[in-house]
**Student:** 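Questions regarding the structure given below will be posed in turn.
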Amino acid sequence: MLITESGKEAMLYHPLDGKKVKCDLCNRRCTIAEGKTGFCRVRKNVNGKLRSLVYGKVIAANADPIEKKPLSHFNPGSVMFSIATIGCNFRCNFCQNWNISQSDEIQGEDLPPEDVVKLAKRSGCQGISYTYTEPTIFFEYAYDCSKLAHDNGLFNTFVTNGYMTVEAVKTISPYLDAATVDFKGGGDPVFYKKFSSVPNVGPIYDSLKEMKANDIHIEITNLVIPRMGDSLDRIRELAGWIKENLGGDVPLHLLRFHPDYTLKDLPATPQSTLEKTREIAKSEGLRYVYTGNMPGHEGENTYCPACGELLVSRYGFFIESWNIKDDMKCPKCGENIPIKGKYWKGKSGRSALFF
Ligand code: SF4
């Protein structure tokens, strides 16, 4: 497959007067003049047609444990062929992958969808994850890979900031099995404006509702940043919204911040802050609240919300012990544990770098 400099024609856009186009893929809804790119830098108006410049241009590919996404209630223990292109529709000051998400240069290995699926199967993966940067901005590529993945018995997961339009969610939904939707700072609109250049957080909630309506498995993360994004009231509000709109069984992962990019002077989030936020989220009625980026902490484990039995013990991305019956019930009290798919025993924690 030859991807030319001007890429592949985009999905989800419409023409405007004077050869301008409007992109309908994410909620920035950029109006793009002839010869210009959108905010994400990877979608360009070429002669009045919007083109994706990163179709098939993979900047990172790894086989990762699904727990790394993190997804704890979807095919646990499976291994995901994980890919990204450059570009992002956010500008987060604390991005861990800023060198690829904020790159100005279109770069990457040419890897057509057929080869992605072949590599995923050859490396023993059960699914494909579109991750590291924002999958929305390489939507056409993710869409074609996902379709082919389903034809080949693989599942698909997005790790996303959730800023895609409702149209985009609807379009990908036949092929998207699960999504990790990442919040930062508890969803505080002021925080999003200041540290991620996002004008309005409302569309993220709309995407989540659309995902639920389309039966996509959802897990939510929230990055807890000390001093700036660790308000307990915001966590309370976010947890309450999840309970009310998505249900108390949706897992919430509270992630520890590590200094990165332009926020190198801040300390890592104290363990006690994560523990406090976890208690608050649970008190709002969420039954599965995890801590992340603190290997060995009990917040990584799954406990039965009815009887307290330890069901899954984890260390980082590894499953150390599994104590749930094959029908996903607690062995002690019979409580139904909402885990989709199956436990891929023996695969847990496998990881390999491709490029
Ligand atoms: S995907 Fe890119 S071009 Fe399209 S609206 Fe979002 S930022 Fe703009």
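Atoms within each ligand, like the ligands themselves, are counted from 1 in listed order.
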**Student:** Are Thr157 and Met80 side-chain neighbours, meaning at least one heavy-atom pair lies under 4.5 Å?
**Tutor:**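 Yes, their side chains come closer than 4.5 Å.
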**Student:** Do me a favour and list the nearest non-hydrogen protein atom to atom 7 (S) of ligand 1 with residue, atom name and distance?
**Tutor:** Cys40 N, 3.5 Å
**Student:** Classify the angle between the aromatic ring planes of Tyr288 and Tyr290 as parallel (below 30°), tilted (30 to 60°) or perpendicular (above 60°).
**Tutor:**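 Parallel, since the angle between the ring planes stays under 30°.
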**Student:** Quick check on atom 2 (Fe) of ligand 1: does Cys26 put an N/O/S atom closer than 2.8 Å to it?
**Tutor:**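 It does not; every qualifying atom lies at 2.8 Å or beyond.
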**Student:** With a 4.5 Å cut-off on side-chain heavy atoms, are Leu25 and Met164 touching?
**Tutor:** no
**Student:** Find all atoms of ligand 1 within a distance of less than 4.0 Å from any non-hydrogen atom belonging to Gly38, and give their numbers and elements.
**Tutor:** 3 (S)
**Student:** Salt-bridged, Lys170 to Glu167, with N to O below 4.0 Å?
**Tutor:**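 Looking at Lys170 and Glu167, the cut-off is not met.
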**Student:** With side chains defined as the heavy atoms from C-beta onward, is the minimum distance between Pro295 and Arg314 less than 4.5 Å?
**Tutor:**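 Result no, sub-4.5 Å side-chain heavy-atom pair not found.
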**Student:** Give the residue and atom name of whichever protein heavy atom lies nearest to atom 1 (S) of ligand 1, and the separation in Å to one decimal.
**Tutor:**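 Going atom by atom, the protein heavy atom closest to atom 1 (S) of ligand 1 ends up being Arg43 CD, 3.6 Å.
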**Student:** Please check if the number of heavy atoms outside Lys49 that lie under 6.0 Å from its NZ is greater than 12.
**Tutor:**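 Check fails, neighbour count at 12 or below.
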**Student:** I'd like to know if atom 8 (Fe) of ligand 1 has an N/O/S atom from Cys30 within less than 2.8 Å of it, counting both backbone and side-chain atoms.
**Tutor:**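 True for Cys30.
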**Student:** Note the single closest protein heavy atom to atom 4 (Fe) of ligand 1, along with its residue, its atom name and the distance in Å.
**Tutor:**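 Looking at atom 4 (Fe) of ligand 1, the protein heavy atom closest to it is Cys23 SG, 2.3 Å.
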**Student:** Under a 4.0 angstrom heavy-atom cut-off, which atoms of ligand 1 come close to Arg29?
**Tutor:** 5 (S)
